[in-house]
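Here the structure comes first, spelled out in structure tokens, and everything after it is commentary.
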Amino acid sequence: MSIGTTIKQLRQEQDITQEQLADALGITSRAVSQWETDRTAPDISQLPALANFFDVTTDFLLGVDIRRKEEEVDKILKQVNKYQEQGDQLSTAEYLREQLKIYPNEPDLLTELAFALRNYYFVQGKADTEELKKEKSDEIIALCERALKYYKPTDDNNFTKQVLIGQYVYYLHDKEKGEKLVMSLPNVYCTRERFLADLYEGKEALARRQSALLWSMTQMMHRLFWEISRDDSYTYEQRIEILKADDALTELITGGKPNFFHGKLSVNAAVQAELYLKLGDKEKSLDMLWSAYDHADSYENRSAGAKYSPCWLSEMDDDQIKVLKMDPNTAYDSIYNIIAKPENKFCEAFEGDPSFNALIRKLKAKITK
């Protein structure tokens with residue numbers, strides 16, 4: 001059997017059109033047609049991409065087996081995590097584009113590229129024209145839709161849906177398409193975190209339950225508290241109360257040793273400082289700014305693998321938390337940026353204040369240059 005006949009057979013078995021194969025490989029459908037009729041053959045440099053596109057074994061096209069592919073993809077994702085830990089979205093995207101030339105139908109890589117592009121162009125605001133916003137939004141959506149097509153029925157594709165929902169709802173404001181995806185997700189009572197521990201025994205089961213507790217009662221609840229606090233129907237006093245409730249829950253769950261969660265406590269404190277200033281309470285506003293700095297300092301200087309103190313988190317430490325940064329900024333940068341916003345009027349309100357000036361000096365010594 002010729003390589004052209006093999007390509008045609010694999011394509012038809014997987015219900016893929018010539019146009020779809022050509023699009024994935026960055027060639028024309030005419031080139032695919034010529035391969036399948038044995039008029040021409042793929043260039044040797046295209047064989048790895050073809051082999052991985054069809055998920056074939058060593059008996060097909062170059063001998064790239066499934067196990068080897070999985071190992072290589074795992075290595076790629078580990079490198080992606082290293083870039084993400086630094087908030088380097090541009091390097092992440094460039095690296096993934098190169099890897100997708102070899103693994104064009106690998107859904108995890110397609111999703112990670114969409115995620116990196118969303119963070120760079122929309123979260124960091126690098127898409128500074130309407131034309132660029134549309135171009136990148138279309139690319140992100142296309143990547144996610146390709147990824148969803150290539151995931152197997154037993155694969156977890158919820159992160160891809162999450163990225164796609166974010167693009168539809170927050171940046172395109174297409175709530176109709178967003179709703180269809182949202183309704184395809186499991187509800188809070190039917191999640192992996194709820195049932196995963198039941199698959200294990202002893203310490204492993206305990207660790208799984210503690211992890212679910214830590215994340216559901218901090219990250220998910222924080223997200224809800226934060227979004228509620230941004231609603232314009234609440235007074236400044238009520239917004240402060242909501243953020244303090246979020247802080248109290250975090251302190252309660254972590255037993256007063258927040259470790260990784262100092263990061264969100266820092267931002268919460270800075271926003272409370274902003275609200276106190278709007279209420280005319282400069283003393284409390286300045287106290288909260290210093291609290292924000294202290295939390296930022298604790299976050300940036302936390303020790304590797306720091307343990308959590310309460311007995312209900314006895315198996316948890318910071319090494320088990322996957323840190324992904326949307327941008328390269330530190331916790332100090334986040335606080336400084338809030339203070340520096342002209343509309344927040346911190347510099348105007350505290351002009352000449354020795355304590356405020358000391359805080360600014362400390363932050364300027366720490367922020368990313």
In the hydrophobic clustering that connects Ile, Leu, Val, Met, Phe, Trp and Tyr at side-chain heavy-atom distances below 4.5 Å, which members other than Tyr200 occupy its cluster, ordered by chain and number? Leu196, Leu199
So do the side chains of Trp226 and Asp246 get within less than 4.5 Å of each other, counting heavy atoms only? no
Could you check if a side-chain atom of Trp35 sits within less than 4.5 angstrom of a side-chain atom of Leu50, using non-hydrogen atoms only? yes
Are the side chains of Lys264 and Thr250 in contact, using a 4.5 Å heavy-atom criterion? yes
Could you identify which residues cluster with Leu265, counting Ile, Leu, Val, Met, Phe, Trp and Tyr as linked when any side-chain heavy atoms lie under 4.5 Å apart, either directly or through a chain of such contacts? none
Looking only at the side chains, is there a donor atom on one of Gln18 and Glu36 sitting less than 3.5 Å from an acceptor on the other? yes
List the steps, then state whether side chain to side chain donor-acceptor pair (under 3.5 Å) holds for Gln167 with Asp174. CA-CA 9 Å; Gln167 202 61 30; Asp174 190 337; over 6 Å; no
Main-chain N/O of Phe260 paired with Asp318 side-chain donor or acceptor, under 3.5 Å: yes
Tell me, do Arg209 and Leu213 make a side-chain contact under 4.5 Å, heavy atoms counted? no
Glu237 atom CD, neighbour heavy-atom count above 12 within 6.0 Å: yes
Measure from the ring center of Trp215 to the ring center of Phe261 and say whether it is less than 6.0 Å. yes
Side chains of Asp353 and Asn357: is there a donor and an acceptor less than 3.5 Å apart? no
Any donor and acceptor pair, going by atom type alone, linking the side chain of Ser314 with main-chain N or O of Pro310 inside 3.5 Å? no
Check whether any side-chain N or O of Glu300 sits under 3.5 Å from a backbone N or O of Ala331 as a donor-acceptor pair, and report yes or no. yes
Is it the case that the side chains of Asp108 and Tyr151 hold a donor-acceptor pair, with the cut-off being a distance below 3.5 Å and no angle test? yes
Result for side-chain hydrogen bond (donor to acceptor under 3.5 Å, both in side chains) between His262 and one of Lys257, Arg302, His295 points to His295
Okay, side chain of Gln20, backbone of Thr17: is any donor-acceptor separation there less than 3.5 Å? yes
I'd like to know if the side chain of Asp287 pairs up with that of Tyr276 as donor and acceptor (distance under 3.5 Å, no hydrogens or angles considered). no
Shortest non-hydrogen separation from Asn105 to Tyr150 and the atoms involved: O-CB, 3.5 Å
Between Lys244 and Glu241, is the closest basic N to carboxylate O distance under 4.0 Å? no
With no hydrogens and no angle check, just 3.5 Å: does a side-chain donor-acceptor pair link Gln272 and Asp247? yes
Check whether any side-chain N or O of Asn187 sits under 3.5 Å from a backbone N or O of Cys190 as a donor-acceptor pair, and report yes or no. yes
Donor-acceptor check, side chain of Thr37 to backbone of Ser33, threshold 3.5 angstrom: yes or no? yes
With a 3.5 Å distance limit and no angle check, can you tell me whether Ser29 reaches the backbone of Glu19 through a side-chain donor-acceptor pair? no
Would you indicate whether Glu227, at its atom CD, is surrounded by more than 12 heavy atoms from other residues, nucleotides or ligands within a distance under 6.0 Å? yes
Just so I know, are the side chains of Gln84 and Glu112 near enough to count as touching, which here means a heavy-atom distance under 4.5 Å? yes
Asn344 side chain to Phe346 backbone, donor-acceptor under 3.5 Å: no
Show the numbers, then the answer: is there a side chain to side chain donor-acceptor pair (under 3.5 Å) between Asn337 and Asp333? CA-CA 6 Å; Asn337 290 340; Asp333 290 301; 5.6 Å; no
Ring centre gap for Phe159 and Phe115 strictly below 6.0 Å: yes
Go through the steps to decide whether Thr330 and Lys366 satisfy the test side chain to side chain donor-acceptor pair (under 3.5 Å), and finish with yes or no. CA-CA 9 Å; Thr330 66; Lys366 302 280 190 178; over 6 Å; no
With distance as the sole test, does Lys101 use its side chain to make a donor-acceptor pair with the main-chain N or O of Ala49 at under 3.5 Å? no
Where the side chain of Thr111 meets the backbone of Pro107, is there a donor-acceptor pair that is under 3.5 Å apart? yes
With the side chain counted from C-beta on, respond yes when Tyr171 and Val123 share a heavy-atom pair under 4.5 Å apart, and no when they do not. yes
